[in-house]
Structures are given as C-alpha cells and as structure tokens.
Amino acid sequence: METIASAYVPAAPSVRGSWRQAMLALAGLIALPLVVYYLWSCVTFHGGALVLPTSQEELREWLARLPAPTLPAAAMVSCWILLQVILQIAAPGRIHAGTPLADGSRLKYPMNGWFSFCFTLVLVILATRMGWMPATLAYDHLGALLTVTNLLAFGFSFFLYWYGKSSDSLEGTSRSFLYDYFMGVSLNPRVKGFDFKFFCESRPGLIAWVLINFSFAAEQFKRHGTVTTPMLLVCAFHLLYIADYFWHEEAILTTWDIKHEKFGWMLCWGDLVWVPFTYTLQAAYLVQHPHELPWWGSLGLIVLNMTGYYLFRISNWQKHRFRKDPTALIWGKAPAYIPTTAGTKLLTSGWWGKARHVNYLGDLLMGLAWCLPCLFGSPLPYFYIIYFLILLVHRERRDHAQCLRKYGVAWEKYCARVPYRIVPGVY
Ligand code: NDP
C-alpha cells in the first residue's frame, strides 16, 4: 500500500522533465541577478521608489546605469575573500564533526566563525578610526562591488561544477548542464579539508551584510549629520542576528543547506550576492529617509524583534540540545518524543510540540521588525519580509517532504500530533 511517504519519493525526470528543469534554472540565472540590480537601481537613483522604465529611452538609460566592475572593487572583493579564507583556515576555534553522511562518515568543520567575525569587526573599526579607509567605503563602491561579486559567484559556480564533475564527491547529476550548474553536483566540495559550502554559507556574505549596513549608517551621518533611530535599530537588529549566528555556529551543521543542499550557483550566488546586497536594503533606504520614530514606536519594534529572537533562538536551541542530550529537561519536564526507524527521535515537547517550525515564525517576526523602521513610504524595504515569507513557507514544505521520506510513519505520527506547520493554532 502506498503511504504518504512513498508518494514523495521523486522519480527520475523524463526528457521533458529535464527540459523543464533546465528552463527553470535558466530563468533563475537571469531573473535573480536582474531583481538585485533592479532593487539596487531603485534605492540608488529613485530614493527607494519602485520605478519601471516605461519607454525605450528610459530602458536605455536604465541599462546605461548598470554598474561596471572596477579595479578598486575587484581589489576589495579579493582582499575580503582572502581575509575570510585565512581566518577560516587559521583562526582559533574547536573542530566539530558534522552529521553522519550517507556512508556513515562525518566531515570536520572549524568552529572559528565567532573569532573571525569579531576580528573582522575590530579590524574594520580600527582601519576607519585610523583613517586607512573611509567608513563609507562599501557605500561609495556599492554598484561596482555588486557587479564584481556577481562575476565572482558565476565564475566560482563554474569551478564548482567542473570540480564536482571531476572529483569523487559527485552526488548525482541530471541530464541538464544548466540545472546541474544551478543546483550543484556535489554536497560538500572541499580542497584539503577547506569546505567551500561551509565557508560561503556564512563568512564572506554574513559579515559583509553587517559592514555594508555600517557603511550606510556612516553615509547617513555624512549627509544629514545624524544617525537616526530607525538606522540604529536596523543595524543593531541585524548585528544581533549575525552575532547570534556565529555564537551558535555549530547549529549550521544540522541545517537543511549543509545536510541536503548540493553546492552550486543557487547557494553560492545566494550567499555571496543575494544576502549582502538585498538584506541590507532597509539600511540603504534609510540613507535617504532620515525620519525619526516616537519612543513607543522604537520600543514596540524592539519588543517585536526580541519576541522573534526568543522564539527563533529557544526553539532552535531546544532541538539542538535534545539531539545532543535526549534526557535534558524542556520547560521543566522530561522531553516527549516519537522514536523513528532512522535512529533519531522527533521531539514533541517545548516549541516543537506547538508547531513543526516555530523557529521560522521567530525569524519572520524579526524580519518584520527589520522592515517596519522604514515606515510606509515605499514597498522596497519590505522586500525582505515578502521574499522571506515565500522562502520559509516553501522551505517548510520541502523539509516536510524530506522528513516524510526519511521517517515515514513516524513523521506522519508527528504531523498528527503537531498539526500546525509554522504558526501554532493558525497555520
Ligand atoms: P530546521 O533547523 O528547523 O531543521 C529542520 C530539520 O530538523 C528537519 O529536516 C529534521 O532533520 C529536524 N527536525 C524536524 N522536526 C524535528 C523534531 N520535531 N525533532 C527533532 N528534529 C526535527 O530548519 P532549517 O535548516 O531550514 O533552518 C534553521 C534556521 O535557519 C531556522 O531558524 C530558519 O528560520 C533559519 N533560516 C534563515 C535564513 C535566512 O536567510 N535568514 C534562511 C533559511 C533558514 P533531521 O534529518 O535531523 O531529523
């Protein structure tokens, strides 16, 4: 009899299916960079208004404004990547084993992200205080940096494709080059123990996110003689999120991306381009919109962000701790769980008994608190929360299908016991 689980086992794609996959990949390769350039141009030239070219002349003007790569931008990106590579290789930190792979082996990862993050922040603060570089450096070269980083991500993804194809880490390919280039061909491409996916997932993109925000704050100060409360809130909320990420870095080893996603253009470009250049849109918008907030508005935003942070942190921590020590108390009681044939247990206590992904709810509440300081003059600063809502709803469904494949009946039992996906009592 077919269970829900077996219905989710993907069949090998037909020729038509492969054609569809290739077209979808091509659409992604063209559309996603265009979206980032479009948003960049709106915030740079139109004060954040979502303006579309309405005539051929306007389109030509728009195209002429596309930023070319420059030597200083190429030098900045090269130094940046080199610094982060050196830190990942040489910075102090524990070595942690990842989750078991299909063959039972476990890869080793250096947990030195916190050191690398703090070291980089101190270095940049020192460099700006000493006058070695302006605090607005990233803002001043943003367009050229965007193009250079795009070129880097496209080029590096070719390397990943070639490297995956020519090494024994090949994870299985489709019939389509485009699809394989887009999705990747190996799960954990490495050279001499240096893990490219682990590196790109966090170090260059996440730390750049914080620093690009700071350069926007510096530009706001340069233009208006003040750093407004909304700018301070956005920078502080993002800083907290990234600091938390690096403080709990080992948690990345059990995430979907590290465990299941092959490393190709989608992740590589997402980590290097999408994250630093679209997650900073709120701060970019605020450069030209130096409004203030009433004290109760700021307080409300802090409460919203911290509520989201609490849900996100505690739910992730409950699962992480349960996986390490299944006897550790949750909310003062021994944890309840559903055993599985795969050997792991599905936690049904704490937040994991309220909805199957309360951690996503926490992330979404935080995302909302990051957008609201920009008020309601344009939808552009809300790009993050709209995109993130779509991403997490889709991600939850992918995770659901994956868990159903892995755990079968046990997952069905878990879904029956905890029927809500993300928002307890609602969805
Ligand atoms: P989760 O950390 O929620 O991990 C899901 C996995 O946890 C499942 O595949 C399963 O894996 C295991 N699991 C599921 N239910 C249970 C349970 N009841 N008990 C024990 N284990 C369970 O998902 P993600 O990796 O997607 O996200 C991690 C965090 O990162 C989230 O907080 C998310 O919001 C955030 N995030 C942020 C993004 C951003 O751009 N800011 C992007 C994406 C995610 P297993 O095989 O181990 O059983």
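Ligands are counted one by one from 1 in listed order, and the atoms in each one are counted from 1 as well.
- Within the 4.0 Å heavy-atom cutoff, Phe388 counts among the residues contacting ligand 1.
- Of the listed residues (Gly353, Cys403, Ala342), the one carrying the non-hydrogen atom nearest atom 10 (C) of ligand 1 is Cys403.
- When heavy-atom distances to ligand 1 are checked against a 4.0 Å cut-off, Leu347 comes that close through both its backbone and its side chain.
- Using a 4.0 Å cut-off between a side-chain N of Lys or Arg and a carboxylate O of Asp or Glu, Arg203 and Asp271 do not qualify as a salt bridge.
- Across Asn359, Leu346, Leu391, Val418, heavy-atom proximity to atom 1 (P) of ligand 1 is greatest for Asn359.
- The cationic atom of Arg65 (NZ for Lys, CZ for Arg) lies less than 6.0 Å from the six-membered ring centre of Phe45 and within 45° of the ring axis.
- Side-chain contact of Tyr181 with Ser176: a donor-acceptor pair under 3.5 Å is absent, judged by distance alone.
- Side-chain atoms of Trp62 and Ser41 include a donor-acceptor pair closer than 3.5 Å.
- Considering backbone and side-chain N/O atoms, Thr254 never comes within less than 3.5 Å of an N/O atom of ligand 1.
- Considering only non-hydrogen atoms, atom 27 (O) of ligand 1 lies nearest to Tyr360 out of Trp352, Tyr360, Trp256, Trp209.
- One side chain, Gln220 or Thr228, offers a donor N or O that lies under 3.5 Å from an acceptor on the other.
- Looking at Glu261 and Trp256, their side chains do bring a donor and an acceptor atom within 3.5 Å of each other.
- For Trp411, no nitrogen or oxygen atom sits less than 3.5 Å from a nitrogen or oxygen atom of ligand 1, counting backbone and side chain alike.
- Heavy-atom distances between Glu396 and ligand 1 stay at or above 4.0 Å for every pair.
- With a 4.0 Å heavy-atom cut-off, ligand 1 is reached by the side chain of Asp363 but not by its N, CA, C or O.
- Heavy atoms of Lys259 come nearer than 4.0 angstrom to ligand 1 in at least one pair.
- Because its NZ or CZ atom is not both nearer than 6.0 Å to the ring centre of Tyr241 and within 45° of the ring axis, Arg313 does not count as a cation-pi partner of that residue.
- Checking Arg313, Glu261, Lys319, Met366 against atom 2 (O) of ligand 1, the nearest heavy atom belongs to Lys319.
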